[in-house]
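Each chain gets a letter, A, B and so on, in the order the sequences are listed, and its residues count up from 1. Only a predicted model underlies this, so the values are computations on that prediction, with no experimental measurement involved.
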2 protein chains.
Amino acid sequence: MRIGELAARAGTTTRTLRYYESRGLLTARRGGNGYRTYDEDDLKLLRQIRTLQDFGFDLEETRPFVECLRAGHPEGDSCPASLVVYRRKLGELDTLIEQLTSVRAQVAAQLTRAEAAAPGGPEPKCELGGHG
Amino acid sequence: MRIGELAARAGTTTRTLRYYESRGLLTARRGGNGYRTYDEDDLKLLRQIRTLQDFGFDLEETRPFVECLRAGHPEGDSCPASLVVYRRKLGELDTLIEQLTSVRAQVAAQLTRAEAAAPGGPEPKCELGGHG
DNA sequence: TCTTGCCTTGACGTCGGCGTCAAGGCTTAC
DNA sequence: GTAAGCCTTGACGCCGACGTCAAGGCAAGA
């Protein structure tokens, strides 16, 4: 198949595929007219990249998975190098979630304080008795 | 005080202060020699910006806080517009944390699956009996 | 043959928050 | 006077993952 069809089947754009190629991921054969030609394996490889990208992996972080598939392994994460990336990512995610949770708490505290200090009353969430 | 001192006292750089000025935050008076001159109020304003930046707020999102302080309010979040930003940010943080938590779980699942499928054994976390 | 729609390479644009360099002016210490 | 250390404006660089435009080639249908 050609680049347009591959892009469509992977839910991305031709520009993206050429970019991946420029980065050394996703190589392509060429037809007699110079057009790029791909097969089902390329689709599988591309879907591996896209899945990881959706997870927030950098393009470089997908490289071990790509090389693993190219080496003939059944899955992109069938190789130790891929597992290393998984574990590192888990650590990064934990750290990030922790930081964001902390920030969330601080912002919430600021909001509560600011609302309490606001003129016109602190916008009560529940009205204890009274309904007017 | 001049720009270098203000930057130092706020733990940032002169380049950053000029950038804030170019964005319309943090205005400055000028001395006879053309140098920017700041006072303690400017420092307070700058610290407000920096705090929000550390929380992950975009520069644009700090504008209501800045305008609130400029209007003479005691705190940057003494104005309704600032509270709106707080609430929106809380929502964004909740969404983001939720997404990251979901991704974390998916990555963890992939790692577990890949480890189980790996040749050479699934790297057991604990050894039940046997120690050699 | 002409249009339409794919494809090619090349190259500049985007976004945010600055970093960094250039070229020069003011002030103070020595 | 001159070197050091502050300041000024202007402008290009950076990062990542592409978007978008330009100029042109190839293929297929009417």
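Put simply, the side chain of Thr37(A) does not reach to within 4.5 Å of the side chain of Arg30(A), judged on heavy atoms. Proximity of Val66(B) to Leu26(B): side-chain heavy atoms (C-beta onward) are nowhere separated by under 4.5 Å. The shortest distance between side-chain heavy atoms of Arg18(A) and Thr14(A) falls below 4.5 Å.
The interatomic distance linking Leu26(A) (CG) with dA17(D) (P) rounds to 15 Å, in whole Å. At whole-Å resolution of the value, CG in Asp54(B) and P in dG16(C) are 19 Å apart. Atom CG in Leu46(A) sits roughly 14 Å away from atom C1' in dA17(D) (whole-Å rounding). Between Glu60(A) atom CD and dA17(D) atom C1' the separation is 12 Å, expressed in whole Å. Distance CZ (Arg30(B)) to P (dC26(C)): 15 Å, rounded to an integer number of Å. Straight-line distance from the CG atom of Leu52(B) to the P atom of dG17(C): 12 Å, rounded to whole Å. Atom C1' of nucleotide dG10(C) and atom CD of Glu21(A) are separated by 15 Å, given to the nearest angstrom. Rounded to whole Å, the distance from CD on Glu61(B) to C1' on dG16(C) is 12 Å.
Note on Glu60(A) versus Arg63(A): salt bridge recorded, some NZ/NE/NH1/NH2 to OD/OE distance being below 4.0 Å. Classification of Glu40(B) and Lys44(B) as a salt-bridged pair fails, no side-chain N sitting under 4.0 Å from a carboxylate O. Between Arg70(A) and Asp41(A) there is no salt bridge, since none of the side-chain N atoms of the basic residue sits less than 4.0 Å from a carboxylate O of the acidic one.
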Pick out the pairs of N or O atoms, protein on one side and nucleotides 22-24 of chain C on the other, that lie under 3.5 Å.
none

Give me the distances for all protein-to-nucleotides 1-7 of chain C N/O pairs that come in under 3.5 Å?
residue, atom, partner, partner atom, Å
dC7(C), OP1, Gly4(A), N, 2.6

Between protein and nucleic acid, restricted to nucleotides 18-21 of chain C and to nitrogen or oxygen atoms under 3.5 Å apart, what atom pairs and distances do you find?
residue, atom, partner, partner atom, Å
dC18(C), OP1, Arg50(B), NH2, 3.2
dC18(C), OP2, Tyr20(B), OH, 3.1
dC18(C), OP2, Arg50(B), NH2, 3.3
dC18(C), OP2, Gln53(B), NE2, 2.7
dG19(C), OP2, Thr13(B), OG1, 2.9
dG19(C), N7, Arg15(B), NE, 3.2
dG19(C), O6, Arg15(B), NH2, 3.2
dT20(C), O4, Arg15(B), NE, 3.0

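Among all heavy-atom pairs drawn from Val85(A) and Glu61(A), the shortest one is CG1-O, 3.7 Å.
Axis orientation changes by 30° from one end of the helix from dT1(C)-dA30(D) to dC30(C)-dG1(D) to the other, with each end axis drawn from 5 pairs and the value rounded to 10°.
Sequence neighbours left out, the pairs with a member in residues 80-108 of chain A that pass ring-ring contact (aromatic ring centres under 6.0 Å, His included) are Phe65(A)-Tyr86(A).
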Identify every side-chain donor-acceptor pair in residues 46-59 of chain A under 3.5 Å, counting partners at least two apart or on other chains, and give the distances.
residue, atom, partner, partner atom, Å
Arg47(A), NH2, Arg9(A), O, 3.0
Gln48(A), OE1, Gly76(A), N, 3.4
Arg50(A), NE, Tyr20(A), OH, 3.3
Arg50(A), NH2, Tyr20(A), OH, 2.7
Thr51(A), OG1, Arg47(A), O, 2.9

Step-by-step side chain to side chain donor-acceptor pair (under 3.5 Å) determination, Glu98(B) to Ser102(B): CA-CA 6 Å; Glu98(B) 206 171 322; Ser102(B) 167; over 6 Å; no
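Thr101(A) places a side-chain N or O within donor-acceptor distance of the main-chain N or O of Ile97(A), the cut-off being under 3.5 Å. Side-chain atoms of Thr16(A) do not come within 3.5 Å of backbone N or O of Thr12(A) as any donor-acceptor pair.
Of the candidates Arg36(A), Arg2(A), Arg29(A), Asp42(A) forms a salt bridge (charged side-chain N to carboxylate O under 4.0 Å, His left out) with just one, namely Arg29(A).
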